[in-house]
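Sequence lines set the chain letters: A, B, ... in the order given, protein chains first and strands last, and positions in each chain run from 1.
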Protein chains: 2
Amino acid sequence: MKESARGRASSAKRQRLMRAAAEVVHRQGAERTTIADIARAAEVPVGNVYYYFKTKDELVAAALSEHARQLELLTGRLDRLTDPRARLKGLIEAWVSQRDLAARYGCPTGTLAVELDKRDEGGLDVEAGRVIRLLLTWVERQFHELGQPEPDGLALTLVGAYQGMSLLANALRDPGVMEREGARLLAWLDSLEAA
Amino acid sequence: MKESARGRASSAKRQRLMRAAAEVVHRQGAERTTIADIARAAEVPVGNVYYYFKTKDELVAAALSEHARQLELLTGRLDRLTDPRARLKGLIEAWVSQRDLAARYGCPTGTLAVELDKRDEGGLDVEAGRVIRLLLTWVERQFHELGQPEPDGLALTLVGAYQGMSLLANALRDPGVMEREGARLLAWLDSLEAA
DNA sequence: GTCTATAGTTAGATAGAC
DNA sequence: GTCTATCTAACTATAGAC
């Protein structure tokens, strides 16, 4: 059978479960999401889930790596642009284009990190930090290529602004927050001098 | 008895439960916090909790109003300063002084809002938005008094920066994020022209 | 590999003694 | 008003048939 040939680590069902976990956990949060919720979304019978993921935490970890994968897809596309400033602008535009989802459920990685950071066991909090660092590092590289003197500080400011505007848009249930802050960030990028 | 004279709405035990709820929910999150956890922290027997709060959601709502009360205490103190710019600087200094707590558990109101926004019942999410709006409105008034043309946009930027730096400090477990971003915000305030 | 039935555990809520 | 004992529901995880 095709699945068994590829092994369970990469089977089609496992992939469906990962994607369902990412989506459902984004909407409901990790604590409120049951294995049954994910199984239903992935159209896999509940009992069968445990063949692919031994515990619920493994499914949450899978949701995190799914978000990391999505992020790498985006930065990979942006890397094709030659101007680092254009790459950063593309990033902001991608954020703003997701404004309705952000206003309803927040940033997928940011809100999951908030939830996992309330734990003191399991190490999933560290994993969430790693995904956020992935974004910070990529942004920092763009500022570095722009010849900015403190690329790491600027990366903190830009990613922090994104997490902040996502949280406010979510708490106020207003996607307009993402538009206003997004426009401000684009203008800010333009105001930075090239090296 | 003293308590019964004042009624259960304002008894000493009820107040202890409210404060315990605010603290424990900040550290563990609303979902992972059990009634027993709060009862223990407040030194009240579990069964007795239900005399003061009929459901767990009422306790979470109590935690939210406790945060609102803390916020009003802070802005009340800052309101004694005559210069609105000094008030905003005082706010930022208060945020930075809480950097260790923020790096471990995030902003009490912000992280609770994130968690409650994953629900679609109960209306606690709206309540969380209200508390955040309390802060936004106060900040907006300061920018208005400073004669700034778009005080609401500036308030979004400042409060968004706070929520963003708290989330990043928390996810990276690094209070230094609060110091760096706090210093940047102070310099930004200084760069704004007076009217 | 797939799926059903169920064991085992935890926590929210209530009844009722004091 | 206070507190103990307990009911009930929900969910994770496993055993085992197919």
Side-chain angles (χ1 to χ4, degrees), chain A residues 1-18 20-21 24-25 27-64 112 115-116 118-124, chain B residues 1-18 20-21 24-25 27-64 112 115-116 118-124:
Chain A
M1 189 188 253
K2 213 158 67 172
E3 270 71 40
S4 72
R6 279 186 275 147
R8 87 176 162 188
S10 58
S11 80
K13 272 195 185 173
R14 190 188 160 90
Q15 215 170 74
R16 280 219 309 279
L17 284 166
M18 274 187 71
V24 179
V25 166
R27 280 191 273 113
Q28 307 191 343
E31 296 302 333
R32 291 178 81 87
T33 296
T34 67
I35 306 256
D37 289 335
I38 297 173
R40 200 177 317 119
E43 293 181 290
V44 167
V46 219
N48 198 2
V49 172
Y50 286 93
Y51 178 72
Y52 296 96
F53 299 93
K54 277 185 285 296
T55 63
K56 184 182 173 182
D57 273 8
E58 278 191 26
L59 265 168
V60 176
L64 267 174
L112 188 47
E115 206 178 353
L116 298 176
K118 303 286 184 195
R119 306 185 177 184
D120 36 30
E121 282 179 4
L124 280 177
Chain B
M1 191 188 252
K2 212 158 68 172
E3 270 71 42
S4 73
R6 279 186 274 148
R8 86 176 161 186
S10 59
S11 81
K13 272 196 185 173
R14 191 188 158 89
Q15 217 172 70
R16 282 219 308 280
L17 283 166
M18 274 188 72
V24 179
V25 167
R27 280 190 274 112
Q28 306 190 344
E31 296 303 334
R32 293 179 79 86
T33 296
T34 68
I35 308 254
D37 289 336
I38 297 173
R40 200 176 318 120
E43 292 182 288
V44 168
V46 220
N48 198 1
V49 172
Y50 285 93
Y51 178 71
Y52 296 97
F53 298 93
K54 277 186 286 296
T55 62
K56 184 182 173 181
D57 274 7
E58 279 191 26
L59 266 168
V60 175
L64 267 174
L112 189 47
E115 208 179 350
L116 297 176
K118 302 287 181 195
R119 305 184 177 185
D120 35 30
E121 282 180 5
L124 280 178

Would you call [X]-[Y] a salt bridge at under 4.0 Å N-O?
X	Y	value
B:Lys56	B:Glu31	no
A:Arg16	A:Glu43	no
A:Asp120	B:Arg27	no

Nearest whole angstrom, please: distance from the [atom2] of [N] to the [atom1] of [X].
X	N	atom1	atom2	answer
B:Asp57	C:dG12	CG	C1'	11 Å
A:Tyr51	C:dC3	OH	P	12 Å
B:Phe53	C:dT14	CZ	P	16 Å
B:Glu58	C:dG12	CD	P	14 Å
A:Tyr50	D:dT14	OH	P	8 Å
A:Arg14	C:dT2	CZ	P	13 Å
B:Asn48	D:dG1	CG	C1'	7 Å
B:Lys13	D:dT2	NZ	C1'	6 Å

Rounded to the nearest 0.5 Å, what's the gap from NZ on B:Lys118 to OG1 on A:Thr33? Could you check? 9.0 Å
Tell me every residue that passes side chain to side chain donor-acceptor pair (under 3.5 Å) with B:Thr34, counting only those two or more places apart in sequence or in another chain. B:Asp37
What does nucleotides 6-11 of chain C look like as a protein-contact string, B for base, S for sugar-phosphate only, - for none, at under 4.0 angstrom between heavy atoms? -----S
Report yes if a side-chain nitrogen or oxygen of A:Tyr52 is closer than 4.0 Å to either non-bridging phosphate oxygen (OP1 or OP2) of C:dT2; otherwise report no. yes
Which atom of A:Val49 lies closest to which atom of A:Ile35, heavy atoms considered: CG1-CG2, 3.8 Å
